[in-house]
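Here's the structure, in structure tokens; my notes come after.
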2 protein chains.
Amino acid sequence: MPPRQSSDTSRGKAAVSDVYASMRAAILEGEMAPGARINIDAVSRSLGVSQTPVREVLQRLEGDNLVVYSPGRGYSTTPLLDLVELRSLFEFRLLVEPWAARAAAVDRLANPAAALEKELTGFRKTMKVTKDLRQDLVAHDTRFHDTILAASGNSVVRHAFGQTHCHLHTFRLYPADVDGAITVAEHSAVTDAIEACDPEGAEAAMTRHIRNSFDRFAQAFEGELAPLEEVGPPRKRIIK
Amino acid sequence: MPPRQSSDTSRGKAAVSDVYASMRAAILEGEMAPGARINIDAVSRSLGVSQTPVREVLQRLEGDNLVVYSPGRGYSTTPLLDLVELRSLFEFRLLVEPWAARAAAVDRLANPAAALEKELTGFRKTMKVTKDLRQDLVAHDTRFHDTILAASGNSVVRHAFGQTHCHLHTFRLYPADVDGAITVAEHSAVTDAIEACDPEGAEAAMTRHIRNSFDRFAQAFEGELAPLEEVGPPRKRIIK
DNA sequence: TTAACCAGATTCCTATATGATTTTGGCGCC
DNA sequence: GGCGCCAAAATCATATAGGAATCTGGTTAA
């Protein structure tokens with residue numbers, strides 16, 4: 001973490017805000033390894049602030065599910081997702097994002113097609129020149145999906161989605177380079193349907209995108225949990 | 001707020017935990033009015049702790065959407081929901097809860113029917129003797145819905161739902177007594193479908209329950225935003 | 001009457017200090 | 001060689017202190 005880089009000339013007041021941004025970025029970029037203990041004293045000295053604002057930030061990061069707390073033992077970064085959690089996360093995305101895409105594909109000024117096109121065009125250019133494709137892909141993906149959630153007009157859904165920090169958690173699973181081209185193609189399909197004000201098409205395109213995305217990330221667990229052998233439908237009721 | 005009532009004999013270590021519970025309860029029970037400023041010094045003295053743990057708790061409560069922060073001006077309790085936010089909240093509930101009810105209505109040991117029956121039976125008894133029906137109804141409703149979310153097996157969905165604090169926010173709108181009988185009847189319908197391992201029926205019953213619940217809470221805004229006059233479908237496209 | 005201004009007091013926000021708990025390293029014992 | 005115990009060090013968690021910003025009320029000028 002860089003030493004504070006305060007927004008106003010140091011010794012100011014925005015310590016908590018700066019520390020939050022720094023620590024969030026450090027966790028997101030893997031600078032703090034998943035599951036590692038966090039030494040409050042080290043962090044505070046590294047950022048040039050006292051321990052008080054660091055502790056406040058840690059409380060907030062716990063609400064963001066970016067750190068976990070053990071009473072008396074302090075804070076650690078959250079460990080990597082296991083396959084069960086990854087499935088839960090993508091089931092949640094399948095619940096809210098296709099709905100949001102449908103809601104965004106309306107013939108109103110809230111339609112986000114222009115912003116999505118701009119985002120896609122910008123990222124296509126970035127892809128050709130960037131030295132850190134993975135980082136840029138995460139940023140693009142985050143903006144793209146949030147734009148659609150915002151256009152849904154439902155702040156509760158948007159906030160709940162944001163709080164899952166799905167991009168952070170999923171991309172921590174995937175240290176290898178990914179083929180941004182596939183993601184861009186799927187994003188294009190979603191954008192086209194939204195631009196055409198086609199709710200059904202937008203919902204379907206988003207559903208396909210998320211399912212494909214899950215398949216790509218689930219490769220990190222290749223072979224870990226082999227599917228159960230087929231047992232057929234249950235023979236009799238076990239409840240009641 | 002009572003003066004600390006620490007879990008271990010006071011002067012211990014669980015200050016943050018205690019303070020969090022106290023402040024959360026104070027906001028939930030309306031002891032701290034919606035939109036009111038929070039005086040950190042007053043709270044810390046009232047609870048018998050220093051300002052440090054109080055400030056940490058406030059950061060956490062902000063993540064819970066129970067307080068809002070203005071830099072330099074301190075913290076306030078979140079204001080009451082307006083109609084737009086109430087609609088957003090119930091749209092979110094309509095996205096996740098019917099799905100959870102469907103997921104819970106399975107012929108597996110995760111089926112929560114027994115726990116739901118127990119919860120309902122207990123509340124029916126409580127209704128007859130309680131002096132604070134509203135408080136008990138909130139508690140019952142919270143437990144009932146969380147039980148179903150938990151039984152869905154999806155921790156992300158359950159957590160996202162919990163973070164909305166929908167019971168807190170909606171019941172703050174409703175200082176008047178409510179007829180718990182209606183809620184109990186709808187809960188019974190949901191429970192019966194889950195007990196019968198009827199996913200379609202459980203989903204439908206939950207959808208009906210949430211829609212009815214919205215109608216009841218929306219009465220708080222009676223006449224505030226009259227529906228727009230019917231304008232018919234739009235004549236021509238305005239996007240692109 | 002209204003608006004602007006300005007000290008005094010309050011309140012926020014960070015820093016530092018201190019007691020309590022956990023971790024670490026080393027030694028003896030089995 | 002491995003395991004358990006104990007003191008020292010490190011770390012956590014809260015309390016207290018002080019600088020900086022904001023709010024309050026009273027006064028003056030337009």
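Chain letters run A, B, ... following the sequence lines, proteins first and then strands; every chain starts at 1. This structure is a prediction, so every number in the text was calculated from the model and none was measured.
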Going by the rule side chain to side chain contact (heavy atoms under 4.5 Å, CB included), which residues pair with B:Val67 if we only count those two or more places apart in sequence or in a different chain?
B:Ile27, B:Ile38, B:Leu58, B:Leu61, B:Glu62, B:Tyr75

By side chain to side chain contact (heavy atoms under 4.5 Å, CB included), B:Pro79 pairs with (sequence neighbours left out) none

Closest to the 5' end of DNA chain D, once B:Arg37 and B:Gln51 are matched to their nearest nucleotides, is B:Gln51

Would you indicate whether A:Arg216, at its atom CZ, is surrounded by more than 12 heavy atoms from other residues, nucleotides or ligands within a distance under 6.0 Å?
yes

Output every pair passing ring-ring contact (aromatic ring centres under 6.0 Å, His included) with a member in residues 42-62 of chain A, not counting sequence neighbours, ordered by first then second residue.
none

Does the side chain of A:Arg73 get closer than 4.0 angstrom to OP1 or OP2 of D:dT11 through an N or O atom?
no

Where the side chain of B:Ser44 meets the backbone of B:Ser50, is there a donor-acceptor pair that is under 3.5 Å apart?
no

B:His140 versus B:His187, side-chain donor and acceptor atoms under 3.5 Å
yes

Which is it for A:Asp136 and A:Thr130 under the side-chain hydrogen bond (donor to acceptor under 3.5 Å, both in side chains) test, yes or no, and what are the steps along the way?
CA-CA 8 Å; A:Asp136 289 320; A:Thr130 183; 2.3 Å; yes

Looking at residues 61-69 of chain B, who's got a heavy atom less than 4.0 Å off DNA chain C?
B:Tyr69

If you only use heavy atoms from C-beta on, which nucleotide in C:dC13, D:dC12, D:dA15 is closest to the side chain of A:Arg55?
D:dC12

Measure CG/B:Asp41 against C1'/C:dA9 and give the value in whole Å, please.
13 Å

Applying side chain to side chain contact (heavy atoms under 4.5 Å, CB included), name anything that partners A:Leu86, two or more places apart in sequence or on another chain.
A:Leu81, A:Leu83, A:Phe90, A:Thr170, A:Leu173, A:Phe214, A:Phe217, A:Ala218, A:Phe221

If the cut-off is 4.0 Å, is A:Thr52 near the phosphate of C:dT14, judged by side-chain N/O to OP1 or OP2?
no

Extract from the structure each pairing of a protein N or O with an N or O of nucleotides 6-9 of chain D at less than 3.5 Å, listing the distance.
none

Please work out if A:Leu58 contacts a base, only the sugar-phosphate, or nothing of the nucleic acid, heavy-atom cut-off 4.0 Å.
nothing

